[in-house]
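Contents: one structure, followed by commentary.
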Number of protein chains: 2
Amino acid sequence: MSQPSAPKRRRATGRVTLQDVAVAAGVSPITASRALRGERGVAADLVERVQVAVRELGYVPDPAARALASAKSNQVVLLVPLLSNALFVDLLDAAQRTLLQAGYQSMIGVTHYQPEEEEALLRTYLMNRPAGLLVTGFDRTDTARSLLTGSGVPCVHLMENRAGDGLYSVGFSQEDAGRAMTQALMDKGYQRIAFAAAQLDPRTLQRATGYRAALGDRHDPRLEFMDAAPSSFALGAQMFDRVLADAPDVDAIFFNNDDLAQGALLQALRRGIEVPAQVAVAGFNDLIGGEQMLPPLSTVRTPRGEIGLKAAEMLIALMRGEAVEQPCVDLGFELLMRGSC
Amino acid sequence: MSQPSAPKRRRATGRVTLQDVAVAAGVSPITASRALRGERGVAADLVERVQVAVRELGYVPDPAARALASAKSNQVVLLVPLLSNALFVDLLDAAQRTLLQAGYQSMIGVTHYQPEEEEALLRTYLMNRPAGLLVTGFDRTDTARSLLTGSGVPCVHLMENRAGDGLYSVGFSQEDAGRAMTQALMDKGYQRIAFAAAQLDPRTLQRATGYRAALGDRHDPRLEFMDAAPSSFALGAQMFDRVLADAPDVDAIFFNNDDLAQGALLQALRRGIEVPAQVAVAGFNDLIGGEQMLPPLSTVRTPRGEIGLKAAEMLIALMRGEAVEQPCVDLGFELLMRGSC
DNA sequence: CTGAAAGCGCTTACAG
DNA sequence: CTGAAAGCGCTTACAG
């Protein structure tokens with residue numbers, strides 16, 4: 001015997017919809033929707049009934065329908081230069097975790113330090129009408145900048161700070177960090193301090209500015225070794241050789257990233273050059289492995305995990321329309337003086 | 001003087017819609033939709049007119065509307081255990097790039113090697129009705145497995161191979177790789193070969209199986225050092241000490257990952273233990289930095305970039321409903337014998 | 001090869 | 001505090 005009466009009408013897709021939940025709970029779909037989203041102003045007993053219906057029916061909201069109706073998705077776009085720099089992995093991990101807990105999904109985009117690539121990614125991802133945006137630094141194409149502002153999507157900048165109208169950022173002063181390490185080397189008595197950098201992204205150049213500022217009159221442009229190639233162990237080894245060849249009188253080398261410095265340390269070992277006795281070495285970022293080196297690498301610890309967390313929190317507040325009292329958060333840095341200088 | 005006749009009706013959002021494009025091109029919305037998606041069976045001149053209209057109006061399709069109407073998004077979910085292992089970064093980079101070129105966006109999820117976390121991510125991301133899925137390996141909760149199959153979303157498995165009904169995978173034999181490196185060590189005359197592993201994820205255990213198989217009768221369980229802690233330089237150094245302390249007669253140590261092996265090499269340097277004269281060291285994965293070590297690290301090169309690329313291509317074919325003749329692609333591996341053994 | 005109709009599943013105003 | 005109506009922007013059958 002078949003069902004005596006027609007069961008309540010099902011959608012063609014067979015999906016359990018908000019409509020079904022509403023019917024089961026004995027309320028209108030709008031009330032069900034409001035109850036579901038935790039909108040206040042719904043009677044407690046109705047909320048209860050809706051929640052029960054959701055559980056019984058195994059209802060799962062459809063993000064696409066939600067996005068279409070509300071013109072807003074639950075996705076957040078995270079744009080970083082590289083995944084192969086552990087720095088950004090730590091940043092992403094913290095941000096993604098925080099966002100997920102607040103109910104946001106993250107779309108990770110990798111720009112490979114190419115402004116054009118960032119612009120293209122922005123264009124692509126903005127189509128989704130993301131709820132929020134996390135981008136690295138402030139250097140981008142004008143088009144990218146106007147895409148950002150024109151979209152009206154809340155946006156927090158990572159790694160650097162910049163005050164300005166409607167600008168939100170969580171980071172630290174790359175310049176101060178560059179200056180502080182250079183100063184620390186000077187305080188230890190090093191006289192001929194080289195700066196060796198790869199990639200030459202905006203933040204690296206800011207560190208270079210800090211290096212110069214610390215040296216002041218004693219700055220010697222011949223001690224700056226800038227290589228636009230990507231940072232790596234192998235390049236660090238090469239640059240170490242280059243510095244010693246071109247400026248045999250250096251007594252310290254400040255590398256703009258730990259992988260370079262670690263590569264240099266290995267090269268010193270290979271060549272039998274004593275660190276820090278013959279030449280001191282310092283790095284930047286406190287990446288994994290630095291304290292395992294021989295000697296342990298002195299470096300600047302950068303708070304990328306904290307940046308990811310704090311930036312995500314700030315963005316969540318913005319997405320919820322809450323007030324953000326501190327739009328420009330400086331999380332500082334820390335000098336880690338170990339054995340290499 | 002105002003416009004003589006009512007301009008064509010605009011949506012409240014002010015958004016340029018497919019409707020607008022259709023009007024401008026003088027076709028129906030359906031035809032515009034078909035032209036846009038490159039569906040064949042649309043007259044060439046109409047396609048042309050639609051494309052012109054799209055360009056002139058600056059039309060951007062709405063993924064949410066598309067997803068709602070078609071019950072399918074253009075997003076692909078990529079699930080990996082960790083971002084801090086460079087292996088997976090290479091994998092993701094290749095896959096993401098390939099997918100993007102084909103018009104798919106990727107949602108990266110990190111499971112931290114926790115099956116429960118993978119299950120939760122799957123549940124969350126499946127709500128989006130992704131077009132495809134890329135997951136790591138075959139070990140997951142039963143629920144996760146049925147979520148996968150129940151969703152009906154095309155799925156390709158990464159890193160391992162398994163034949164089976166409707167199973168797609170791109171990887172290599174972890175067991176064979178473990179066996180091959182062990183055999184290579186035996187061929188070089190090493191007698192007491194230890195296996196030192198961290199994380200103890202499924203693929204690591206498969207390598208252990210290969211290690212045992214290669215040794216056969218000569219396998220000594222006391223030479224297996226398994227530590228469930230995450231892999232790192234520091235742990236590699238610790239394990240190196242532990243192996244030498246517990247089994248002073250070992251003449252070779254096969255680490256399940258390069259970071260462990262690199263940490264061990266640094267520890268050997270620190271302790272003045274000669275590699276490979278006193279003890280040989282081998283790693284796995286050929287991560288960055290291995291060839292910079294002293295001595296350069298012997299390891300197994302794993303084709304993760306190729307896996308990411310090939311898996312993405314396979315998934316793209318599946319998502320397009322094309323036939324995939326080879327559902328189980330073994331990309332092999334390569335022994336890299338450098339100075340450490 | 002092209003189109004009119006209906007619908008995807010939700011939320012936004014607007015009422016009451 | 002609750003709801004009926006309309007609409008978000010697209011695509012899927014179904015015709016012709």
Side-chain angles (χ1 to χ4, degrees), chain A residues 8-50 53-54 57-75 127-129 131 321, chain B residues 8-50 53-54 57-75 103 126-129 131 321:
Chain A
K8 51 180 172 298
R9 181 176 145 283
R10 285 256 163 224
R11 307 277 176 133
T13 56
R15 213 164 197 263
V16 178
T17 69
L18 189 60
Q19 167 78 22
D20 302 326
V21 172
V23 169
V27 299
S28 71
I30 310 92
T31 300
S33 169
R34 285 198 269 251
L36 225 62
R37 280 171 297 141
E39 218 177 68
R40 49 179 217 155
V42 180
D45 58 321
L46 293 192
V47 173
E48 175 65 27
R49 263 152 59 190
V50 169
V54 164
L57 297 176
Y59 169 71
V60 176
D62 184 330
R66 210 167 237 191
L68 182 58
S70 68
K72 189 171 291 180
S73 79
N74 72 331
Q75 299 189 338
M127 286 177 29
N128 300 342
R129 311 200 202 171
Chain B
K8 52 180 171 297
R9 182 175 147 283
R10 284 254 165 227
R11 307 279 176 132
T13 56
R15 212 163 198 262
V16 177
T17 69
L18 189 61
Q19 168 77 21
D20 302 326
V21 171
V23 170
V27 299
S28 73
I30 309 91
T31 300
S33 169
R34 285 199 269 252
L36 224 63
R37 279 172 299 139
E39 219 177 68
R40 47 178 220 158
V42 181
D45 58 324
L46 293 192
V47 172
E48 175 67 25
R49 264 154 57 192
V50 168
V54 164
L57 298 176
Y59 170 70
V60 177
D62 183 330
R66 212 167 234 190
L68 181 58
S70 68
K72 189 172 290 181
S73 78
N74 72 330
Q75 301 189 336
L126 243 22
M127 287 178 28
N128 300 342
R129 312 202 201 169

Task: Verdict with supporting geometry, A/N128 and B/Q75, side chain to side chain contact (heavy atoms under 4.5 Å, CB included) - done: CA-CA 10 Å; A/N128 300 342; B/Q75 301 189 336; 3.6 Å; yes

Can you check the [X] [atom1] to [N] [atom2] distance for me, whole Å?
X      : N      : atom1 : atom2 : value
B/R15  : D/dG7  : CZ    : C1'   : 15 Å
A/E39  : C/dA13 : CD    : C1'   : 12 Å
B/K72  : D/dT12 : NZ    : P     : 9 Å
A/Q19  : C/dC10 : CD    : C1'   : 11 Å
A/R129 : C/dT11 : CZ    : C1'   : 13 Å
A/L68  : C/dG7  : CG    : C1'   : 12 Å
B/L18  : D/dC8  : CG    : P     : 14 Å
A/N128 : D/dG9  : CG    : C1'   : 14 Å

Side chain of [X] (C-beta onward), nearest among [options]:
X     : options               : value
B/A43 : D/dC10, C/dC1, C/dG3  : C/dC1
B/R37 : C/dC10, C/dG3, D/dT12 : D/dT12
B/V42 : C/dC10, C/dG3, C/dT2  : C/dT2
A/R66 : C/dG9, C/dT11, D/dT11 : C/dT11

Open item on the list: Please compare B/A64 and A/I30 by the position of their nearest nucleotide in DNA chain D and report the one closer to 5'.
Closed with: A/I30

Open item on the list: Would you say B/S28 places a side-chain N or O within less than 4.0 Å of OP1 or OP2 belonging to C/dG3?
Closed with: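 For C/dG3, OP1 or OP2 has a side-chain N or O of B/S28 closer than 4.0 Å.
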
TODO: Please state whether the phosphate of D/dT2, meaning OP1 or OP2, lies under 4.0 angstrom from any side-chain nitrogen or oxygen of A/T31.
DONE: no

- [ ] Evaluate the side-chain proximity of B/L18 to B/Y59: yes if any heavy-atom separation is below 4.5 Å, no if none is.
- [x] yes

Open item on the list: Within the 4.5 Å heavy-atom criterion, are A/T31 and A/S28 side-chain neighbours or not?
Closed with: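 Side-chain contact under 4.5 Å: yes.
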
Open item on the list: Just to be sure I understand the rule, does B/R34 reach a base, reach only the sugar-phosphate, or reach nothing, if contact means heavy atoms closer than 4.0 Å?
Closed with: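 Here B/R34 touches the bases of the nucleic acid.
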
Task: Residue matched to C/dA4 through Watson-Crick or wobble contacts both under 3.5 angstrom - done: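 Per the H-bond distance test, none.
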
TODO: Look through every strand shown and name the nucleotide pairing with C/dA13 as Watson-Crick or G-U wobble, where both distances are under 3.5 Å.
DONE: none

Open item on the list: Less than 4.0 angstrom from a charged side-chain N to a carboxylate O is my criterion; do A/R129 and B/D62 meet it?
Closed with: yes

- [ ] Could you say whether A/S70 or B/A44 is positioned toward the 5' end of DNA chain C, judged by the nucleotide with the nearest heavy atom to each?
- [x] B/A44

Open item on the list: Checking A/V60 against A/V16 for the side chain to side chain contact (heavy atoms under 4.5 Å, CB included) test, could you report, in this order, the C-alpha distance in whole Å, the side-chain angles of both residues, the deciding distance, and whether it holds?
Closed with: CA-CA 7 Å; A/V60 176; A/V16 178; over 6 Å; no

